[in-house]
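Here, residue 1 is the first one in the sequence, and each next residue gets the next number.
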Amino acid sequence: MKPGLSLMKHYLQFKDLRAEEYAYLFGRALAIKTRFKNYERYQPLVDRTLAMIFEKASTRTRVSFEAGMYQMGGSVLNLTTGDTHLGRAEPVEDTARVISRMVDIVMIRTYEQSMLERFAAHSRVPVINGLTNEYHPCQILADIFTFIEHRGDIRGKVVAWVGDGNNMANTWLQAAEILGFTVHVSTPSGYEIDPAVAGVRDTNCYKLFNHPMQACEGAHLVTTDVWTSMGYEAENEERRKAFVDWCVDEEMMAVAQRDALFMHCLPAHRGEEVTAEVIDGPQSVVWDEAENRMHAQKALMEYLLLGRIG
Ligand code: CP
Ligand code: NVA
């Protein structure tokens with residue numbers, strides 16, 4: 001962290017930042033993206049090191065953080081449970097104390113949010129949530145940045161969540177409370193969101209619907225995710241049966257706003273949570289969404305390490 005920055009911030013949940021900080025970050029993400037697209041070098045993080053700890057698989061999170069950090073002039077360490085003493089029962093607290101004496105920022109993808117919080121509580125440097133069972137804040141940061149790029153301000157808009165009441169759903173709810181939009185949630189019975197885990201106080205930021213078509217009605221954005229998240233593979237067969245009607249198709253898109261967008265954090269399973277016609281169709285912005293992980297996270301790392309620029 002830059003000397004003189006008074007308060008170290010972690011990014012463990014979406015609600016760790018305020019609306020005005022998000023407005024700043026979306027502006028920085030756009031500025032950083034524009035410079036990158038123009039091949040302008042921007043290296044504010046020379047000599048800074050990012051350690052990434054992966055306890056679950058990743059394509060987008062790994063590539064976006066790694067490429068983004070290198071582009072900003074820094075270095076990256078990629079660690080996994082298997083190749084560190086975390087996999088041999090060294091306490092998370094000790095691991096955090098040691099790693100955070102040698103690197104400048106840490107990104108963790110793990111199972112329980114409590115592991116991330118224990119790490120952060122013993123870290124001298126900012127810690128970023130790269131996905132836990134409970135939340136995926138970097139993804140929603142990129143998703144909202146993508147929405148703004150395509151459609152402008154998200155305040156007052158309706159986002160339809162079709163599918164599992166999972167880490168993505170919880171994070172959408174937190175974002176709705178902070179940024180002033182509404183999430184229309186439809187999940188199969190038994191897979192509902194848990195408002196206590198989502199951690200939202202304002203029950204007006206979401207509405208529950210039994211049928212996914214109802215959730216999609218009038219939505220400005222329709223979004224979904226895999227039926228079985230990482231860590232829940234043993235439930236795969238049971239989930240396939242329960243989720244069969246929660247496949248985003250053209251009928252669902254037809255009842256949303258005419259210019260509604262479709263998003264999916266990826267990886268996707270065509271024919272399960274979304275049809276090929278929708279994810280590969282004209283309303284889908286999933287490739288922009290994936291690319292924007294990198295631009296948004298560059299803005300986030302810059303903010304956590306250097307504070308506001310300019
Ligand atoms: N959306 C997302 O986080 O993708 P990865 O699992 O590939 O990182
Ligand atoms: N909900 C999914 C998101 C993957 C990026 C999972 O946790 O596996």
Do F54 and Y70 belong to the same hydrophobic cluster, where Ile, Leu, Val, Met, Phe, Trp and Tyr are linked whenever their side-chain heavy atoms lie under 4.5 Å apart, directly or via other members? yes
Within-4.5 Å side-chain heavy-atom neighbours: L173 and W161: no
Within the structure provided, determine whether L17 and I178 are in side-chain contact (heavy-atom separation under 4.5 Å). no
Contact summary for Y206 and V200, nearest pair of heavy atoms: CE2-CG2, 3.8 Å
Is it true that K15 and E177 make a salt bridge, defined as a side-chain N closer than 4.0 Å to a carboxylate O? no
Do the non-hydrogen side-chain atoms of E273 and D225 ever get within less than 4.5 Å of each other? no
Does R308 count as lying over the ring of Y24, i.e. NZ or CZ under 6.0 Å from the six-ring centre, within 45 degrees of the axis? yes
Start with the C-alpha gap between L12 and Q113, add the side-chain angles, then the distance that decides, and say whether side chain to side chain contact (heavy atoms under 4.5 Å, CB included) holds. CA-CA 8 Å; L12 309 182; Q113 180 75 9; 3.9 Å; yes
Considering all heavy atoms, the nearest V226-P267 contact: CG1-O, 3.2 Å
Suppose we screen for ring-ring contact (aromatic ring centres under 6.0 Å, His included). Which residues come up paired with H295, at least two apart in sequence or across chains? F36
Could you report the tightest heavy-atom contact between W227 and V244, atom names first, then the distance? CH2-CA, 4.1 Å
Quick check: does any side chain N or O of T275 sit under 3.5 Å from a backbone N or O of G271, one acting as donor and the other as acceptor? no
Residue list, side-chain hydrogen bond (donor to acceptor under 3.5 Å, both in side chains) with T110, at least two apart or on another chain: E55
Are the side chain of R118 and the backbone N or O of A96 linked by a donor-acceptor pair below 3.5 Å? no
Does V162 share a hydrophobic cluster with F147, counting links as ILVMFWY side-chain heavy atoms below 4.5 Å and allowing steps through other members? no
Check whether more than 12 heavy atoms from other residues, nucleotides or ligands sit under 6.0 Å from atom NE2 of H150, and answer yes or no. yes
F65 to C138 - nearest heavy-atom pair and separation: CZ-SG, 3.9 Å
One should read off an interatomic distance between R201 CZ and Q174 CD, to the nearest 0.5 angstrom, of 10.5 Å
Verify side chain to side chain contact (heavy atoms under 4.5 Å, CB included) between Y303 and E21, making sure each step is shown before the conclusion. CA-CA 9 Å; Y303 181 57; E21 292 176 294; 2.5 Å; yes
Under 4.0 Å between a side-chain nitrogen and a carboxylate oxygen: does that hold for R151 and D259? yes
So, Q214 side chain and H211 main chain: donor-acceptor pair closer than 3.5 Å or not? yes
Using a 4.5 Å cut-off on heavy atoms from C-beta on, say whether the side chain of N166 contacts that of Y232. no
Strictly distance-based, threshold 3.5 Å: is any side-chain N or O of D94 a donor or acceptor partner for the main-chain N or O of P91? no
Would L306 and L45 count as a side chain to side chain contact (heavy atoms under 4.5 Å, CB included) here? Give the steps. CA-CA 9 Å; L306 304 178; L45 301 182; 3.8 Å; yes
Same hydrophobic cluster for M253 and L221, using side-chain heavy-atom links shorter than 4.5 Å among ILVMFWY? no
Would you find a donor on one side and an acceptor on the other, under 3.5 Å apart, between the side chain of T224 and the backbone of G163? no
When every non-hydrogen atom of N292 is compared with those of T146, the smallest separation belongs to ND2-OG1, 3.0 Å
CG of D143 to CZ of R293: how many Å apart, nearest 0.5 Å? 8.5 Å
Test side chain to side chain contact (heavy atoms under 4.5 Å, CB included) on V92 and L86; report intermediate values, then the result. CA-CA 7 Å; V92 170; L86 271 173; 4.2 Å; yes
Mind checking side-chain hydrogen bond (donor to acceptor under 3.5 Å, both in side chains) for R155 and listing every partner two or more places apart, or none if nothing turns up? none
Using a 4.5 Å cut-off on heavy atoms from C-beta on, say whether the side chain of F14 contacts that of N129. no
Between E117 and M115, is there a donor-acceptor pair closer than 3.5 Å when you use the side chain of the first and the backbone of the second? no
Has D202 got more than 12 heavy atoms of other residues, nucleotides or ligands less than 6.0 Å from its CG? yes
Can you hop from L266 to V222 via hydrophobic side chains spaced under 4.5 Å? yes
For W246 and D164, indicate whether the former's side chain and the latter's backbone hold a donor-acceptor pair under 3.5 Å. no
With side chains defined as the heavy atoms from C-beta onward, is the minimum distance between I128 and M301 less than 4.5 Å? yes
Approximate separation, where rounding is to 0.5 Å, of N167 CG and M230 CE: 7.5 Å
Rounded to the nearest 0.5 Å, what's the gap from CZ on F119 to CZ on R97? Could you check? 11.0 Å
Any T61 side-chain heavy atom under 4.5 Å of H136 side chain: yes
Taking all non-hydrogen atoms of both residues, which atom of I99 and which atom of A51 are closest, and how far apart? CG2-CB, 4.0 Å
Between OG on residue S186 and CE on residue M213, distance to nearest 0.5 Å: 11.0 Å
Within the 3.5 Å criterion, strictly below it, is a donor on E302 or Y42 matched to an acceptor on the partner's side chain? yes
Between the side chain of Y22 and the main-chain N/O of A175, is any donor-acceptor distance below 3.5 Å? no
Between D16 (side chain only) and Q13 (backbone N and O only), is there a donor and an acceptor less than 3.5 Å apart? yes
Check: F243 ring centroid to Y191 ring centroid under 6.0 Å: yes
CD of E251: more than 12 outside heavy atoms within 6.0 angstrom? no
From NZ (K33) to CZ (F145), nearest 0.5 Å: 5.0 Å
Do the non-hydrogen side-chain atoms of R124 and M8 ever get within less than 4.5 Å of each other? no
Among N133, T132, T81, find the residue that satisfies the side-chain contact (heavy atoms from CB on, under 4.5 Å) test when tested with K56. N133
Under 4.5 Å between side-chain heavy atoms, counting indirect links through other Ile/Leu/Val/Met/Phe/Trp/Tyr residues: same cluster for M168 and L131 or not? no
Ignoring hydrogens and angles, tell me if any N or O in the side chain of H184 forms a donor-acceptor pair with the backbone of K207 under 3.5 Å. no
